[in-house]
A.B. asks: 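Quick one: structure below, then a few questions.
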Amino acid sequence: MPYVYFVITVPRDARHILALLNKASSASSQLASTGGLHRVRYEIAVSAALGKFLQSQLLAIKAKRVLEVGSLGGYSAIWMARALPGDGKLVALEVEKLHAEVIEENVRNAGLSSKVKVILGLAHESMKAMPSSESFDLVFIDADKPNSTNYFIEAKRLVRKGGIIIVDNVGRGGQLADESNSDEMLDGVRALLRHITQT
Ligand SMILES: C[S@@+](CC[C@H](N)C(=O)[O-])C[C@H]1O[C@@H](n2cnc3c(N)ncnc32)[C@H](O)[C@@H]1O
């Protein structure tokens with residue numbers, strides 16, 4: 001059985017995110033001229049606190065292989081890839097072509113290209129296509145909430161014994177606790193919690 005963490009979102013500081021990506025870049029002026037840093041909504045990326053938490057988990061288990069489901073502009077991917085050894089690998093699943101391009105650009109500027117592979121497409125399909133033998137030390141789920149249970153089922157298949165699955169933003173800003181609140185995001189998280197308590 002893997003260890004499973006549900007994490008909640010704390011207010012993010014988009015300025016911090018841009019500063020980190022800028023610092024990661026040796027060519028930030030070039031990026032600014034292409035608009036590279038600013039083409040995605042970094043305010044929906046993880047907080048710096050969660051980035052550090054992800055790093056600490058990877059370092060604690062001496063992780064070499066990470067799967068990220070939903071990567072936006074590569075902010076959390078950069079936090080995690082930095083905690084991997086030289087021969088480590090982070091596989092980033094992303095459905096938006098623009099996001100995939102921005103991830104690759106940011107990762108390249110952070111000097112992490114050799115450690116990060118981006119797979120463009122629907123994450124559930126990409127996960128289903130991965131053989132169980134291709135196991136990961138940690139799976140970080142941070143994509144569309146309606147698919148949370150699908151991602152979790154595949155993550156359990158793909159994570160090594162004793163590995164870690166982390167699911168982001170399950171609190172939905174406190175709305176989850178209010179049963180009268182319902183939308184496809186909340187219902188997606190509730191379905192995942194039901195799945196976990198019933199299996
Ligand atoms: C909250 S953002 C990820 C933030 C990122 N983990 C970070 O902290 O820097 C969610 C991402 O999931 C992607 N996404 C949404 N649905 C997806 C799907 N079906 N397959 C793959 N990616 C998806 C979105 O395009 C978006 O980039």
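This chain uses plain numbering: 1 for the first residue, then up along the sequence. Hydrogens, waters and symmetry mates are skipped; everything else that's a heavy atom, side chains included, is used.
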A.B. asks: Atom OG of Ser132 and atom CG of Leu158: how far apart are they, to the nearest 0.5 Å?
C.D. replies: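 Ser132 atom OG to Leu158 atom CG measures 6.0 Å (nearest 0.5 Å).
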A.B. asks: Would you name the heavy atoms of Ala155 and Val139 that are closest together and state the gap between them?
C.D. replies: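 In terms of heavy atoms, the two residues are closest at CB-CG1, 3.8 Å.
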A.B. asks: Using 4.0 Å as the upper bound for N to carboxylate O, is an ion pair formed by Asp137 and Lys64?
C.D. replies: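 Not counted as a salt bridge, because no side-chain N and carboxylate O are separated by less than 4.0 Å.
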A.B. asks: Passes side chain to side chain contact (heavy atoms under 4.5 Å, CB included), Trp79 versus Leu54? Steps please.
C.D. replies: CA-CA 7 Å; Trp79 274 108; Leu54 293 169; 5.5 Å; no
A.B. asks: Do Ile164 and Val159 have side chains that approach each other closer than 4.5 Å (heavy atoms only, starting at C-beta)?
C.D. replies: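 SC-SC contact between Ile164 and Val159 ruled out.
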A.B. asks: Between Arg157 (side chain only) and Met127 (backbone N and O only), is there a donor and an acceptor less than 3.5 Å apart?
C.D. replies: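 Yes, the answer is positive, given that a donor and an acceptor are paired below the 3.5 Å cut-off.
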A.B. asks: How about Lys89: does its NZ atom have over 12 heavy atoms from other parts shown lying under 6.0 Å from it?
C.D. replies: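 For Lys89, atom NZ is crowded (more than 12 foreign heavy atoms under 6.0 Å).
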A.B. asks: Mark yes or no for whether Lys115, through its side chain, and Gly86, through its backbone, hold a donor-acceptor pair below 3.5 Å.
C.D. replies: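 Between the backbone of Gly86 and the side chain of Lys115 there is no qualifying donor-acceptor contact (under 3.5 Å).
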A.B. asks: Show every ring-ring contact (aromatic ring centres under 6.0 Å, His included) that has at least one partner inside residues 44-69, sequence neighbours left out.
C.D. replies: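 Pairs touching residues 44-69 that pass the test: Tyr5-Phe53.
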A.B. asks: Closest heavy-atom contact between Glu68 and Ala77?
C.D. replies: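 Taking every non-hydrogen atom into account, OE1-CB, 3.5 Å.
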A.B. asks: To the nearest 0.5 Å, what is the distance between CG on Leu138 and CG on Leu90?
C.D. replies: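 One gets 9.5 Å once the value is rounded to the nearest 0.5 Å.
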A.B. asks: What are the two closest non-hydrogen atoms of Tyr151 and Ala123, and how far apart are they?
C.D. replies: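 Where Tyr151 meets Ala123 most closely, the heavy atoms are CE2-CB, 3.7 Å.
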A.B. asks: Do the side chains of Ile119 and Leu122 join up, straight or via other hydrophobic residues, at under 4.5 Å, putting them in one cluster?
C.D. replies: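 Result: no, two separate clusters.
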A.B. asks: For the residue pair Met130 and Leu93, establish whether any side-chain heavy-atom pair is separated by less than 4.5 Å.
C.D. replies: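 Touching, per the 4.5 Å side-chain cut-off.
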A.B. asks: Would Met185 and Asp144 count as a side chain to side chain contact (heavy atoms under 4.5 Å, CB included) here? Give the steps.
C.D. replies: CA-CA 7 Å; Met185 307 285 262; Asp144 52 319; 5.8 Å; no
A.B. asks: Membership question, hydrophobic clusters at under 4.5 Å side-chain separation (ILVMFWY): are Ile153 and Phe136 in the same one?
C.D. replies: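 Different hydrophobic clusters.
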A.B. asks: Ala100 and Leu120: which non-hydrogen atoms are nearest, and at how many Å?
C.D. replies: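 Nearest pair, atom of Ala100 first, then Leu120: CB-CD1, 4.0 Å.
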A.B. asks: Can Arg108 and Ser113 be counted as having a side-chain donor-acceptor contact under 3.5 angstrom?
C.D. replies: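 Side chains of Arg108 and Ser113: no pair found under 3.5 Å.
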A.B. asks: For the atom pair CG (Leu186) and CG (Asn181), what is the distance rounded to the nearest 0.5 Å?
C.D. replies: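 Reported to 0.5 Å precision, the distance equals 6.0 Å.
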A.B. asks: Taking all non-hydrogen atoms of both residues, which atom of His99 and which atom of Leu72 are closest, and how far apart?
C.D. replies: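 Minimum heavy-atom separation between His99 and Leu72: CB-O, 3.1 Å.
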A.B. asks: Could you check whether any side-chain N or O of Glu94 sits under 3.5 Å from a backbone N or O of Glu96, counting only pairs where one atom can act as donor and the other as acceptor?
C.D. replies: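 Answer holds: yes.
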A.B. asks: Tell me if a side-chain donor or acceptor on Ser71 pairs with a main-chain N or O of Gly74 at a distance below 3.5 Å.
C.D. replies: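 Pair absent, no side-chain N/O of Ser71 close to backbone of Gly74.
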A.B. asks: Under a 4.5 Å side-chain heavy-atom rule over Ile, Leu, Val, Met, Phe, Trp and Tyr, are Met80 and Leu59 clustered together?
C.D. replies: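 In one cluster: no.
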A.B. asks: Rounded at 0.5 Å granularity, tell me how far CG in Leu50 sits from CD in Gln55.
C.D. replies: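 Nearest 0.5 Å value for the CG-CD distance: 11.0 Å.
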A.B. asks: Kindly indicate whether the side chain of Glu154, heavy atoms from C-beta on, has any atom under 4.5 Å from the side chain of His124.
C.D. replies: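 In short, these two side chains touch, coming nearer than 4.5 Å.
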A.B. asks: What's the spacing between Arg194 CZ and Arg190 CZ if we round to 0.5 Å?
C.D. replies: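 One gets 8.5 Å once the value is rounded to the nearest 0.5 Å.
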A.B. asks: Mind listing the closest non-hydrogen atom pair of Arg160 and Ser135 along with its distance?
C.D. replies: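 So the two residues come closest at CB-OG, 3.8 Å.
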A.B. asks: Step by step, would you call Leu67 with Phe140 a side chain to side chain contact (heavy atoms under 4.5 Å, CB included)?
C.D. replies: CA-CA 6 Å; Leu67 180 63; Phe140 178 49; over 6 Å; no
A.B. asks: For Ile141 and Ile166, run side chain to side chain contact (heavy atoms under 4.5 Å, CB included): C-alpha distance rounded to whole Å, both residues' side-chain angles, the deciding distance at 0.1 Å, then the answer.
C.D. replies: CA-CA 6 Å; Ile141 300 174; Ile166 300 181; over 6 Å; no
A.B. asks: Would Val118 and Val95 show up in the same hydrophobic cluster when neighbours are defined by side-chain heavy atoms closer than 4.5 Å?
C.D. replies: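 Per the 4.5 Å side-chain linkage, Val118 and Val95 are not co-clustered.
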A.B. asks: I'd like to know if the side chain of Tyr75 pairs up with that of Asn106 as donor and acceptor (distance under 3.5 Å, no hydrogens or angles considered).
C.D. replies: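 On atom types as modelled, these side chains do not qualify, holding no pair under 3.5 Å.
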A.B. asks: Could you grab the distance from atom CZ of Arg65 to atom CG of Leu58, nearest 0.5 Å is fine?
C.D. replies: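 It is 13.0 Å, given to the nearest 0.5 Å.
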A.B. asks: Applying the 4.5 Å side-chain criterion to the ILVMFWY set and letting contacts propagate, would Tyr42 and Leu98 be lumped into a single cluster?
C.D. replies: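 Linked within one cluster.
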